Visitor: 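The structure under discussion is supplied below as structure tokens; questions concerning it will follow.
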2 protein chains.
Amino acid sequence: MLSQTEENYLKAIYKNAGAEQSVSTNAISKTLKTSAASVTDMLKKLADKDLLHYEKYKGVRLTDSGRSVSTHLIRKHRLWEVFLYKKLNFKWGEVHDIAEQLEHIQSPELVERLDAFLGFPKVDPHGDPIPDAEGNYEVEEKVLLSELPEGARGKIIGLAEHSKNFLAHLDAMDIKLGLNIKIIEKFSFDNSIKIKIKPDKVLVLSAKVAQSLFINK
Amino acid sequence: MLSQTEENYLKAIYKNAGAEQSVSTNAISKTLKTSAASVTDMLKKLADKDLLHYEKYKGVRLTDSGRSVSTHLIRKHRLWEVFLYKKLNFKWGEVHDIAEQLEHIQSPELVERLDAFLGFPKVDPHGDPIPDAEGNYEVEEKVLLSELPEGARGKIIGLAEHSKNFLAHLDAMDIKLGLNIKIIEKFSFDNSIKIKIKPDKVLVLSAKVAQSLFINK
DNA sequence: ACAAATTTTTAGACAAGTCTAAAAAAAATT
DNA sequence: AATTTTTTTTAGACTTGTCTAAAAATTTGT
Ligand SMILES: [Mn+2]
Ligand SMILES: [Mn+2]
Ligand SMILES: [Mn+2]
Ligand SMILES: [Mn+2]
């Protein structure tokens, strides 16, 4: 059985590079906010357990086993987020930190029952896909709102940023996942974008916001 | 913030002696299945944090602060048990081990929302009381089924034993909390007891079972 | 191609939580 | 009251995960 710490390293590696590419010691160290020296130590331990391939000075790549642990953690994390959001009515900016703890609960049975209880959701409250029990998931085709031309229509399906700050800002602007939008006008002055949502509500989004929203393609 | 380990020590102390009495090093060591030497070390640390009163060779007693941590843990443990039992349909013998992990999740907001989601339950799936946010709870007056005379009536409201084995046995016998029973006959041969449940079902309980079921008084 | 900057590893230390073995204190027996 | 048994504490060691400082390797820039 893996410790929470080991699990967090694997997840950090997966988030940095997925299962194919390799990740540098420094990248992991930044994600986890630990020293590079500590990371090196841990990478050796995880390599001993066949969770990743490690070659001195060359960075690491997850093994199949390591990838499986990572995606399973992400599955648990996102299922718990759905639970907190849908059943306990937390805001979407509040669920991540709690799920960060809940994802480490060890009980395969619990995950499957939670999944069923939630109605087998496909995405978490931020629009990110929930891996199935085998660790597989589909990534929807999407494009940044800021990339779309005037006149284009689409639906908000994901976020390029996940900070609490950003999520709270979206709440304040009444922007949620699933909204159908149409681009009315793009302002070259500051790259802000005027959009229409629903029948007749119009609002102007800053460039920063437009660059952080994914639209279906 | 306390570590899971520290929390488990406090809970073990509370379970052994409540908040009034004092507990011996050995008793804690048995409950937690760690060496007496380790327990002594930890007791000093917890005393430094004012969670308990420690005097060499005299055992320990929780402080108000220690008692508060303990009852809050028990509150969380039992609320999660209700969740697992009522919402995820786990059997009552399966919930304890998972709740043992969930009780350490740190989020005051989560506990209160879970409580509301569950409809503010007063007892857990084993009939044990759930402390409120202040750590207070009422213990229902009860008596062992084995103590009742022939002809007595009552309702099964609690368990004197919590082993998985016992819980599975009760499942096999179709005995649950809330059942109304009447004592038909007590057999002096082996102290088994014949009871009637509901309209017309009669069954004989072994002495061991009768000594492990609480009836309301 | 060499020097400088950056990244990564090693070395040595520390805190938390655990253990076993031995010493000290307390409790039980005779 | 003295002896034996049991409980508790101390001493010293080990593991996990972390750190800082220094050394080694790699990458970048000229
Ligand atoms: Mn998250
Ligand atoms: Mn985590
Ligand atoms: Mn329990
Ligand atoms: Mn616990």
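Because the structure is a prediction, the values reported are computed rather than measured. Quick note on labels: first sequence line is chain A, next is B, and so on, each numbered from 1.
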Visitor: Tell me: CD of B:E55 to P of D:dT8, nearest whole Å?
Guide: 14 Å
Visitor: With a 6.0 Å cut-off on the ring centroids, do B:Y9 and B:Y14 count as close?
Guide: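 B:Y9 vs B:Y14: aromatic centres not under 6.0 Å.
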Visitor: Is A:N26 near enough to C:dT8 that one of its side-chain N or O atoms lies under 4.0 angstrom from OP1 or OP2?
Guide: yes
Visitor: Sort me out a list of protein N/O and nucleotides 12-20 of chain C N/O pairs below 3.5 Å, or just none if empty.
Guide:
unit_1, atom_1, unit_2, atom_2, d
C:dG17, OP1, B:S3, OG, 2.6
C:dT18, OP2, B:Y9, OH, 3.3
C:dC19, OP2, B:S35, N, 2.9
C:dC19, OP2, B:S35, OG, 3.2
C:dC19, OP2, B:S38, OG, 2.7

Visitor: Using atom NZ of A:K44 as one end and atom P of D:dT18 as the other, report the distance to the nearest whole Å.
Guide: 15 Å
Visitor: Yes or no on salt bridge (Lys or Arg N to Asp or Glu O under 4.0 Å) for A:K11 and A:E7, after CA distance, side-chain angles and deciding distance?
Guide: CA-CA 6 Å; A:K11 212 180 57 158; A:E7 290 190 337; over 6 Å; no
Visitor: Looking at A:Y54, I'd like to know whether one of its side-chain N or O atoms comes within less than 4.0 Å of OP1 or OP2 on C:dT8.
Guide: no
Visitor: How close or far is atom P of D:dT16 from atom CG of A:N8, stated in whole angstroms?
Guide: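 Rounded to the whole Å, the gap is 17 Å.
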Visitor: For the aromatic rings, using the six-membered ring if either is Trp, is the centroid distance between B:H126 and B:H96 under 6.0 Å?
Guide: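 No: the rings miss the under 6.0 Å criterion.
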Visitor: Do we get A:K87 above A:F117's six-membered ring, with its NZ or CZ under 6.0 Å from the centre and within 45° of the axis?
Guide: yes
Visitor: So how far is it from B:L79 CG to B:D115 CG, rounded to the nearest 0.5 Å?
Guide: 5.0 Å
Visitor: Between B:E103 and B:R75, does a salt bridge (Lys or Arg N to Asp or Glu O under 4.0 Å) hold up when you go through it step by step?
Guide: CA-CA 8 Å; B:E103 72 188 9; B:R75 169 172 169 74; over 6 Å; no
Visitor: Below 3.5 Å between N/O atoms, which protein atoms pair up with nucleotides 22-27 of chain D? Just atom names and distances, please.
Guide:
unit_1, atom_1, unit_2, atom_2, d
D:dA25, O4', A:Y57, OH, 3.4

Visitor: Quick one: look up who C:dT30 pairs with, Watson-Crick or G-U, both distances under 3.5 Å, and put none if it's unpaired.
Guide: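 For C:dT30, the partner nucleotide comes out as D:dA1, under the 3.5 Å rule.
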Visitor: Just call it for A:T25: base, sugar-phosphate, or nothing, with non-hydrogen atoms closer than 4.0 Å on any strand.
Guide: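 The answer is sugar-phosphate, as A:T25 gets under 4.0 Å only of primed atoms, P, OP1 or OP2.
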Visitor: With the threshold set at 4.0 Å, does a side-chain nitrogen-carboxylate oxygen contact exist between A:E6 and A:K49?
Guide: yes
Visitor: Any side-chain to backbone donor/acceptor pair from B:T71 onto B:R67? Under 3.5 Å, distance only.
Guide: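 Answer holds: yes.
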